[in-house]
Q: 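My questions will all concern the structure given below.
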Amino acid sequence: MAHKTYTDYFFDKSAFSTLDGSYIPLTVNHDAPAKPLAIPALHPTDSEDAHHVEYTVTARTGEVQMLPGKPTKTWGYDANVLGQTIVFREGQEVTIHLKNDLPELTTFHWHGLNVPGPYVDGGCHAPVYPGEIKDIHFTVKQPAATLWLHAHPCPETAVQVYHGLAAMVLVKDAQEDKLPLPRNYGVDDIPLILQDRHFNQDNQWDYQADYDADGVQGPTAVINGTVNPYFDVTTTRVRLRILDGANRREWRLHLGGNHEFAQVASDGGILPSPVYLTHLMLTCAERAEIVVDFSDYAVGDTVALYADDVPLLTFRIKDKQDNGHGELPAKLVDIPRLQPTPNLPVHKVVMSGMDATVAIDDKKFDMQRIDSTQDLGVTEIWDVTNTNDVHAGMIHPFHIHGGQFQIISRNGHDPYPNEYGWKDTVGVNPGEHVRFAMKFDFAGVYMYHCHILEHEDGGMMAQIEVIDPSKPRPKYKLMDHHTLMTAFAKERGVSMDEMWIGAMNSYKKMGMHM
């Protein structure tokens, strides 16, 4: 059955990061020999049965031999860098012991996971101090998806993720189990965490030296913590779970020869139908699952995955075990469309500025301030605008904690063809407004923000309280700026006046406080 194949990146070309004055292009790091792609190990459970799973997840320091010479000092979750892949099943009750073996406080944010805020969600209001263990409990109430775990201690989210605190989180369910998709983890079901770094002369990541308020970039692609990786393909189909885990970089991906692939999932799960593409662009924090059919290649062939014109990962065809080939089923899953609750106003959000001027609704983030509210269980239409100049602005990836949404339109037109599934992050072009339907399943306080990490740390963030009208409104214990700064200063052995936190300059320049 014939299908349509899309051959462009969809986003506005005039806003591609390659046109930024501060853009740092990727280059091949010839100092690094080709290495097998590191595949994050599956995280061992403390205990598991059909109804409950228990994990202990530890944030710790490490080091990795990424380049010849000195190893690079890193942070990770039960790994030297990034983290072991955590797996849940829909309907499971989950207990996680969050352990901090780092020299400073951190948080554990479950990006895309539909859990209560502000504590289980793991934003800035859920600090775990050095040497401390905190427990969280929740039930998995969402379909199969590729999610992720990362640090979120505003205004130090960016530096902690840059150190390496990012890990894949997979949700599985019975419906996805039945689909003819590769699912042999590490063999034909492969996580790809895309990041970029600058290595100094000692092979270290010097965040302060590389700081840019519009997002820290580096010229070297680091894929799953590997520089110049290759992957040996042994099956006809390979499923790639791709995460844009970079602080700033958007990834414009294509295979050598513009080989076609099928996108089968977005941020929050499986798409209604496969979307066939030759080019795919991801903005910060977005995920896409794609299936690549290698059956037309011969054993001994190679094909590269590129970002723009720079190779990121080389696939070496070593075997052709038939795990499927040709077209995927035309229908994958049913996704009922959210119906907006009648007679509610449109929930408007305005993202503005670049560099130090970034803001949401003309305000910078204040941890103690609630910026908006929404009732539990109702579906509101959100309208998110990027006021950056069409010809000189940036694409701002908008992310909301506390669940998944469904995109309705872009500037009044249809969403992109691969945006008809569940999303928690959407790239908004300059001069564009994106509408989506959003319903929260838990009361609590949740953040929403640009996911360029230096932008959110610099104040392009706000908070919503989801209120259960059937219950008394609770009083949440929210982190405050003074407590946070005092803790960081004490942990680093400096005074608050001596402490360097790059994002705080954005507040100072605008005469604002967090």
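Count residues from 1 along the sequence.
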Q: With a 3.5 Å cut-off and no angle check, do the side chains of Q175 and E90 form a donor-acceptor pair?
A: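 No, E90 and Q175 have no side-chain donor paired with an acceptor closer than 3.5 Å.
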
Q: Ignoring hydrogens and angles, state whether a donor on the side chain of Q321 or T235 is under 3.5 Å from an acceptor on the partner side chain.
A: no

Q: Measuring from M168:CE to T85:OG1, what's the distance to the nearest 0.5 Å?
A: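 One finds 7.0 Å between CE of M168 and OG1 of T85.
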
Q: Are F440 and Y446 close enough that their ring centres sit under 6.0 Å apart?
A: yes

Q: Can you list the residues that meet the side chain to side chain contact (heavy atoms under 4.5 Å, CB included) rule with A151, with sequence neighbours excluded?
A: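 Side chain to side chain contact (heavy atoms under 4.5 Å, CB included) check on A151 returns Y77, T106, P153, Q160, L165.
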
Q: Does one side chain, of E432 or H396, offer a donor that lies under 3.5 Å from an acceptor on the other?
A: no

Q: Would you kindly check if the NZ (Lys) or CZ (Arg) of R252 is within the cone defined by 45 degrees around the ring axis of F16 and under 6.0 Å from the six-membered ring centre?
A: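 Yes, cation above the ring, under 6.0 Å and within 45°.
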
Q: Sub-3.5 Å donor-acceptor pair from the side chain of N388 to the main-chain atoms of G353, do we have one?
A: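 Pair found, side chain donor or acceptor close to backbone of G353.
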
Q: What are the two closest non-hydrogen atoms of A288 and L282, and how far apart are they?
A: CB-CD2, 3.9 Å

Q: Decide yes or no on salt bridge (charged side-chain N to carboxylate O under 4.0 Å, His left out) for R239 and E289, but give the supporting numbers first.
A: CA-CA 7 Å; R239 177 186 192 171; E289 295 182 33; 2.7 Å; yes

Q: With no hydrogens and no angle check, do the side chains of D189 and N184 hold a donor and an acceptor under 3.5 Å apart?
A: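 Per modelled atom types, D189 and N184 side chains form no pair under 3.5 Å.
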
Q: Can a side-chain donor-acceptor contact be found between T236 and N323 if the only test is distance below 3.5 angstrom?
A: yes

Q: Taking ring pair (Phe, Tyr, Trp, His ring centres under 6.0 Å) as the definition, give me every residue that meets it alongside H152, ordered by chain and number, with sequence neighbours left out.
A: H109, H150, H401, H449

